[in-house]
Amino acid sequence: MAAAQLTTDALAEKHRSTLDQALDTIRTRAYWSPHPEHPKAYGENGSLDAAAGLDAYKALLDTRFELDQPGTDGWTGGEISPYGPALGVEYPHADIDVLLPAMRAGMGAWREAGPEARALVCIEILARISARTHEFAHAVMHTSGQAFMMAFQAGGPHAQDRGLEAVAYAYAEQTRTPGGAAQWSKPQGKRDPLELTKEFTPVARGIALMIGCNTFPTWNGYPGLFASLATGNPVLVKPHPRAVLPLALTVRVAREVLAEAGFDPNLVALAVERPGEGIAKTLAVRPEIRIIDYTGSTAFGDWLEANARQAQVYTEKAGVNTVVVDSTDDYKGMLSNLAFSLSLYSGQMCTTPQNLLIPRDGITTDAGTKSYDEVVADLAAAMGGLLGDDARANALLGALVNPDVKARLEAAAGLGEVALASREVANPDFPGAVVRTPVIVKLDGSKPDADAAYFSECFGPVSFAVSVDSTADALELLRRTVREKGAMTVGAYTTSADTERAVEEVCLEESAQLSLNLTGGVYVNQTAAFSDFHGSGGNPAANAALCDAAFVANRFRVVEVRRQA
């Protein structure tokens, strides 16, 4: 291994204050981010501005993405942007029997470096990714279908925040037990005391497998990646085959930083599958794989939990997100907030509301009593106004990420009375993009059963306005939905203190994250790193939360060595 160019002292001088601020913020839950959200904040101190970032992205297209990692036995690719163009990038295909042993080789030195050095190296990786946010934004946009500004923010600073948050939690958990030598002395009365010297070392579980998702490759991928790396585990990144480039760039940056800091770059590696190869299942049950992070379908998440018994498995799966509409003192603000929440990224977020539970006799508002039909019609009008201009619609909706989403959208219109029909939106910059506005379907929830259309996730721009007999019935349906199907988010609108307490009690008992009476610029499907928990780990939608102590603490174990003093 070459001599380190990044010394621990240099990394500490550069990043220790960032780590300290992150540690403080996860305690206070206040707002903080070291990663600028505005595109114009980049272009100085070595970061790429908008033009340089676009040029860097374009330079990646139609090339071979070299990584110089062991076990490369060929090349593979095939990503096609949801906006139409083929990326033309080829990635190294790995012989896993060669790559996995190579990844383990650097574990000893990485363990001996200790929690602080590992955290500082991780923060340096994030800092270099941050400097290339414009480049990453285009990579996220053209693999996920997010509109550029969302790809820039969610795929850039917000994802980087989630990675840093995981590093902070990892450091905090590893340093709960004293580092170095602890002296132990037990008095023995008139005899000499019993004396031992004890050393406690955080020891990694082994290789971590991070299985990426198509819609949010960095935002969903970074927490697990950095939680595992910061706790001493090598990380094998297996991207979704339609969203390889953002994570391949991440792996390249991580390997560069590790090498410069004097560590084995093979502590982070990439596993890209050939078309139809399906390597996730094969990798998941390898004995070398001791941690798995996964975001995606319930079916595969359940399979991982049942079959990858040798690994600690963290999953984020499907859920049925629900909003209870009881009453409001800001009817216009409620409609505006819901319209934005249902439209953002064409509903292709695991946090987007799907079911709106509305009493059939209507709700009380500051604009008078509104019937169920009026609420639904007014919401449809608000969404129609929000998305009526094609330029604004494109900036908010992005593109449908895959044909399955389009098929679900088209099928939804046959499930009930359509309150808001979906329409096609042309994108003049990308004529090949599939852009559709959301559909709202009216359904009767008075007799819920397991086959009801609204009782399963319909991922994409589909919302169900479900009529219920009363708010009490809405709460019972909410409880059953979260308990049986899970939910990443729950929302509620009410002016009643009793109803607010009742909704809160359901969410506390069923472990669902709740947002109450949002009418401004904060939306139910957005969460802030260092402050908000993404998922709870307590209902079927996910067995982990991003990010809490439980998300990092079982990625390592503390091994004790006792010596006679």
Side-chain angles (χ1 to χ4, degrees), residues 57 60-67 69 71-96 99 136 138-146 151 155 159 208-222 224-225 235-252 268-286 289 292-301 303-304 308 315-318 348 350 398-408 432-434 459-460:
Y57 166 73
L60 297 167
L61 304 180
D62 300 310
T63 65
R64 281 192 166 177
F65 195 95
E66 300 282 354
L67 276 179
Q69 65 181 29
T72 297
D73 60 8
W75 296 85
T76 186
E79 292 158 291
I80 298 175
S81 169
Y83 289 94
L87 272 61
V89 184
E90 287 190 310
Y91 305 95
H93 181 272
D95 180 339
I96 298 302
L99 182 58
F136 273 75
H138 289 285
V140 171
M141 173 182 175
H142 285 287
T143 52
S144 71
Q146 295 174 30
L209 172 65
M210 194 280 281
I211 303 174
C213 69
N214 194 175
T215 49
F216 289 88
T218 55
W219 197 99
N220 280 107
Y222 283 5
L225 192 164
V235 182
L236 180 60
V237 176
K238 206 298 290 183
H240 190 285
R242 286 192 289 261
V244 178
L245 186 56
L247 292 178
L249 285 167
T250 302
V251 169
R252 177 182 277 176
V268 178
L270 185 71
V272 182
E273 60 192 288
R274 297 188 176 103
E277 187 178 7
I279 61 172
K281 275 192 173 182
T282 302
L283 287 169
V285 295
R286 293 276 304 215
I289 300 298
I292 298 174
D293 287 279
Y294 168 75
T295 299
S297 72
T298 296
F300 191 56
W303 185 92
L304 287 170
T315 60
E316 181 192 314
K317 301 175 287 189
Q348 299 170 122
C350 62
L400 299 188
V401 69
N402 61 50
D404 292 340
V405 175
K406 181 172 179 285
R408 282 192 292 272
V434 179
F459 185 77

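Once rounded to the nearest 0.5 Å, the distance linking OG1 of Thr315 with CZ of Phe300 reads 11.0 Å. Here CD1 of Ile292 is found 5.5 Å from CD1 of Ile211. Values are rounded to the nearest 0.5 Å. The line from OH of Tyr91 to OG1 of Thr63 is 8.0 Å long, rounded to the nearest 0.5 Å. Note that OG of Ser144 and CG of Asn220 are 11.0 Å apart. Values are rounded to the nearest 0.5 Å. Rounding to the nearest 0.5 Å places OG1 of Thr282 at 11.5 Å from CD1 of Ile289. Taking NZ of Lys406 as the reference point, atom CG of Leu400 lies at 8.5 Å (rounded to 0.5 Å).
For the residue pair Leu270 and Ala94, the shortest heavy atom distance occurs at O-CB, 4.2 Å.
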Working for side chain to side chain contact (heavy atoms under 4.5 Å, CB included), residues Ile96 and Ile279:
CA-CA 10 Å; Ile96 298 302; Ile279 61 172; 5.6 Å; no
Passes side chain to side chain contact (heavy atoms under 4.5 Å, CB included), Met141 versus Tyr57? Steps please.
CA-CA 11 Å; Met141 173 182 175; Tyr57 166 73; over 6 Å; no
Given Phe65 and Leu67, is the side chain to side chain contact (heavy atoms under 4.5 Å, CB included) satisfied, shown in steps?
CA-CA 7 Å; Phe65 195 95; Leu67 276 179; 3.8 Å; yes
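Judged by the 6.0 Å and 45° rule, Arg408 forms no cation-pi pair with Phe459.
Using a 4.5 Å heavy-atom threshold, the side chains of Leu247 and Met210 count as touching. The closest side-chain heavy-atom distance from Val272 to Trp75 is not below 4.5 Å. For the pair Val244/Val89, no side-chain contact is recorded, criterion being any heavy-atom separation below 4.5 Å from C-beta on. Leu87 places a side-chain heavy atom less than 4.5 Å from the side chain of Thr143. With a 4.5 Å cut-off on side-chain heavy atoms, Thr250 and Phe136 count as touching.
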Donor-acceptor pairs under 3.5 angstrom involving side-chain atoms of residues 236-243: please list them, not counting sequence neighbours.
unit_1, atom_1, unit_2, atom_2, d
Lys238, NZ, Glu273, OE2, 2.6
His240, ND1, Arg242, N, 3.0
Arg242, NE, Asn214, OD1, 2.9

